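Read through the structure below, which is laid out as structure tokens, and then see the notes.
Ligands are counted one by one from 1 in listed order, and the atoms in each one are counted from 1 as well. Just so it is clear, the model here is predicted, and its values are computed rather than measured.
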Amino acid sequence: MKVQKFGGSSLEDGLRIKKTLNIVLHEKTDHFVVLSAMKGITNLLVEASENAETGNINYKSQLLEITTLHNSVIEELFEQTANEEVINSIQILLNELKDILHGVELVQECSLRTRDLIMSFGERLNCTIVTSYLNSIGRKTKMIDTREIIITDDNYGSSNVFLEKSYIKIREKLSEVGFLFIITGFISGSEKGITTTLGRNGSDYTAAIIGAAMDSEIVEIWTDVDGVYSCDPRLVK
Ligand code: ASP
Ligand code: MG
């Protein structure tokens, strides 16, 4: 059994998502799939929360960008007839995000706790779309929202995981057979059920926690470069 984790760079647009899911669908071993938010989305969410906190209505343009990016992925992935349901689910999430950002704008205050909630939308939006898409092409898939199974303290922004408690919940949730599980990276929940996060770039850690809980033979962290580079290709051409 293995865990496969794909980060934002493998989830940049509809085409990249399809390529990524091709890897997922051709995997022969039993596997769990952990996904980050789409590329750039978490940064946009942080930017939006910072703008809203200072009363700068520019947060609405970040919100629009987030909306446009996800809608175009839906358009790229789905046949026109099949996408109504997923558009509705995404709209519900985006409306909630809009309300939260408006709340931040009104009170001009964004605690780390609220910021975690805002950032959680990136993984939740992406995994909702991918799960619907896989179901639409006939692969029985369930989305797992890790806020219910990765339990942390309330050190918002970079929470500490209660491993044993989490392992029990993870095993319970992921032992259901007959489904491919699409698991949200990065996000978690406190014992009181409040949204927390594992810190920026936390999805690799999510994959490791799932792997440890399920006694996986291997945890694969996929990225979008060939081989092993001697420097960061985003910095050096
Ligand atoms: N989406 C989160 C971030 O950008 C987690 C991750 O990508 O690993 O930090
Ligand atoms: Mg990463």
- request: Look at the side chain of D116 and the backbone N and O of Y156, then say whether any donor-acceptor pair between them is shorter than 3.5 Å.
  value: no

task: Heavy-atom contacts with S36 under 4.0 Å: which atoms of ligand 1 show up? List them by number with element.
output: 6 (C), 7 (O), 8 (O)

task: Could you tell me which atoms of ligand 1, counted from 1 in the order shown, lie closer than 4.0 angstrom to a heavy atom of R200?
output: 3 (C), 4 (O), 9 (O)

- prompt: Which ligand 1 atoms are under 4.0 Å away from a heavy-atom of E123?
  reply: 1 (N), 2 (C), 5 (C)

field: Check: S203 N/O within less than 3.5 Å of ligand 1 N/O
entry: yes

field: Heavy-atom side-chain proximity of I100 to F121 below 4.5 angstrom
entry: yes

message: Do the side chains of K2 and E220 get close enough for a salt bridge, i.e. N-O under 4.0 angstrom?
response: yes

query: At a 4.0 Å cut-off, with the gap strictly under it, does some heavy atom of G202 reach an atom of ligand 1?
result: yes

- request: Salt-bridge test for E53 and R115: reply yes if a basic N is under 4.0 Å from a carboxylate O, no otherwise.
  value: no

- prompt: Any N/O of K5 closer than 3.5 Å to an N/O of ligand 1?
  reply: no

field: Those atoms of ligand 1 less than 4.0 Å from some heavy atom in T42
entry: 1 (N), 2 (C), 3 (C), 4 (O)

message: Can you tell me how far apart OG (S36) and CD (E123) are? Round to the nearest 0.5 Å.
response: 5.5 Å

task: For the pair H70 (side chain) and I90 (backbone), establish whether a donor and an acceptor sit closer than 3.5 Å, ignoring hydrogens and angles.
output: no

